Amino acid sequence: MSYDSLNKFLLGFIFGMIWLSIIILPFLDGSNSVANIIQSIGALSTGFSAFIALIAFLWNIQKSRIKSLSDDAILNLERAYEVFTKGSTLDEPIKDRLIWLTAARHLKEYENIKKELVTSSSETQFRIVLSHEEYWRSKFYELLKGKNGCGLSEYAYHDGTLKIDSNQIAPSSLAVIYSFIEWPEGKEDPLANVDHLKIFKESKILLKNRGLEKYLTTRFKSYKNAFSEEIDT
């Protein structure tokens, strides 16, 4: 049962117990109504308290498990990039078969953990993990786009000889790493619905950025028209 499911189940049980109490009270024996009411309420309270304690225990276990999975997922992303760059600033990845394989294995492990989080985590925790994924995707992308922005050369993957060398990069690691930097299919761009023209018009951003204003009004017709209308009015 997921974290969110536990939450919904607990709330449902609470309301169920309340309605159960309301329903059974009218049917208690009238001769000892006060005693029966007190006894019934006590029994319900005891059972309810025990159930709440059990749910709280299971809830804490689930929260701890989700946190552990999330931390492990993020750690695999960090390790993948650290291995890929050997912890240093590089213009392109090192041509080393083992490094590519190790980085790919960490990314694959991340994907496996993420699949588990889909069915067991809270929505909020899952979004946090995805935000880390987006950050590390951009880091990998910057490294793999190459110095000229057109990707790495053929010789970034082998030693340049016709003979197959033992240090050539494995296709399996290439597939995992390059698929990771692709924009996920079906994922919505968070900037897709941003009303950027409205933001610039209603804020004071351009007052201190004349170069930015000139760029926008020169390069984009919508901005040129919008600011021309403001001047005319």
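Here the structure is a predicted model, which is why all the values come from computation and not from measurement.
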Please check if the side chain of [X] supplies one atom and the backbone of [Y] the other of a donor-acceptor pair under 3.5 Å.
X      : Y      : result
Asn209 : Leu212 : no
Lys139 : Tyr81  : no
Trp100 : Pro93  : no

Close side-chain approach of [X] and [Y], heavy atoms under 4.5 Å:
X      : Y      : result
Ile169 : His158 : no
Tyr157 : Gln168 : no
Leu117 : Ser70  : yes
Ile177 : Phe84  : yes
Ile205 : Ile199 : yes

Distance (rounded to the nearest 0.5 Å) between [X] [atom1] and [Y] [atom2]:
X      : Y      : atom1 : atom2 : answer
Thr102 : Leu107 : OG1   : CG    : 11.0 Å
Arg79  : Glu109 : CZ    : CD    : 10.0 Å
Asn76  : His106 : CG    : NE2   : 6.0 Å

Suppose the criterion is salt bridge (Lys or Arg N to Asp or Glu O under 4.0 Å): which pairs have a residue in [range], not counting sequence neighbours?
range            : value
residues 66-76   : Lys67-Asp71
residues 172-200 : Glu134-Lys187
residues 204-223 : Arg210-Glu213

Do [X] and [Y] belong together in a cluster built from hydrophobic side chains that touch within less than 4.5 Å?
X      : Y      : answer
Trp136 : Leu143 : yes
Ile94  : Leu98  : no
Leu130 : Leu75  : no
Tyr110 : Ile128 : no

Under the side chain to side chain contact (heavy atoms under 4.5 Å, CB included) criterion, do Leu77 and Val129 qualify, and how do the steps go?
CA-CA 10 Å; Leu77 290 174; Val129 171; 5.7 Å; no
Mind checking ring pair (Phe, Tyr, Trp, His ring centres under 6.0 Å) for Tyr223 and listing every partner two or more places apart, or none if nothing turns up?
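Ring pair (Phe, Tyr, Trp, His ring centres under 6.0 Å) list for Tyr223, sorted by chain: His196, Phe200.
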Taking only residues two or more places apart in sequence, or in another chain, which ones meet Tyr215 in a ring pair (Phe, Tyr, Trp, His ring centres under 6.0 Å)?
Phe220
Pairing residues for Lys114 by the salt bridge (Lys or Arg N to Asp or Glu O under 4.0 Å) criterion, not counting sequence neighbours
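Here the qualifying residues are Glu111, Glu133.
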Mind checking what makes salt bridge (Lys or Arg N to Asp or Glu O under 4.0 Å) contact with Lys145, not counting sequence neighbours?
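Salt bridge (Lys or Arg N to Asp or Glu O under 4.0 Å) check on Lys145 returns Glu142.
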Go through the structure and list residues passing side-chain contact (heavy atoms from CB on, under 4.5 Å) with Ala170, not counting sequence neighbours.
Arg97, Leu101, Ser172, Ser173
Does Ser68 have any side-chain contact (heavy atoms from CB on, under 4.5 Å) partners at least two apart in sequence or in another chain, and if so, which?
none
What ring-ring contact (aromatic ring centres under 6.0 Å, His included) pairs are there with at least one residue in residues 170-192, not counting sequence neighbours?
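Only Phe140-Phe180 qualify under ring-ring contact (aromatic ring centres under 6.0 Å, His included).
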Give a yes or no on this: more than 12 heavy atoms of other residues, nucleotides or ligands lie within 6.0 Å of atom CZ of Arg137.
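Counting other residues, nucleotides and ligands, CZ of Arg137 exceeds 12 neighbours.
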Does atom NZ of Lys95 have more than 12 heavy-atom neighbours, drawn from other residues, nucleotides or ligands, at distances under 6.0 Å?
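Buried by this count: over 12 neighbours within 6.0 Å.
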Please report the shortest heavy-atom distance between Ala175 and Ser179, naming the atom on each side.
O-OG, 2.8 Å
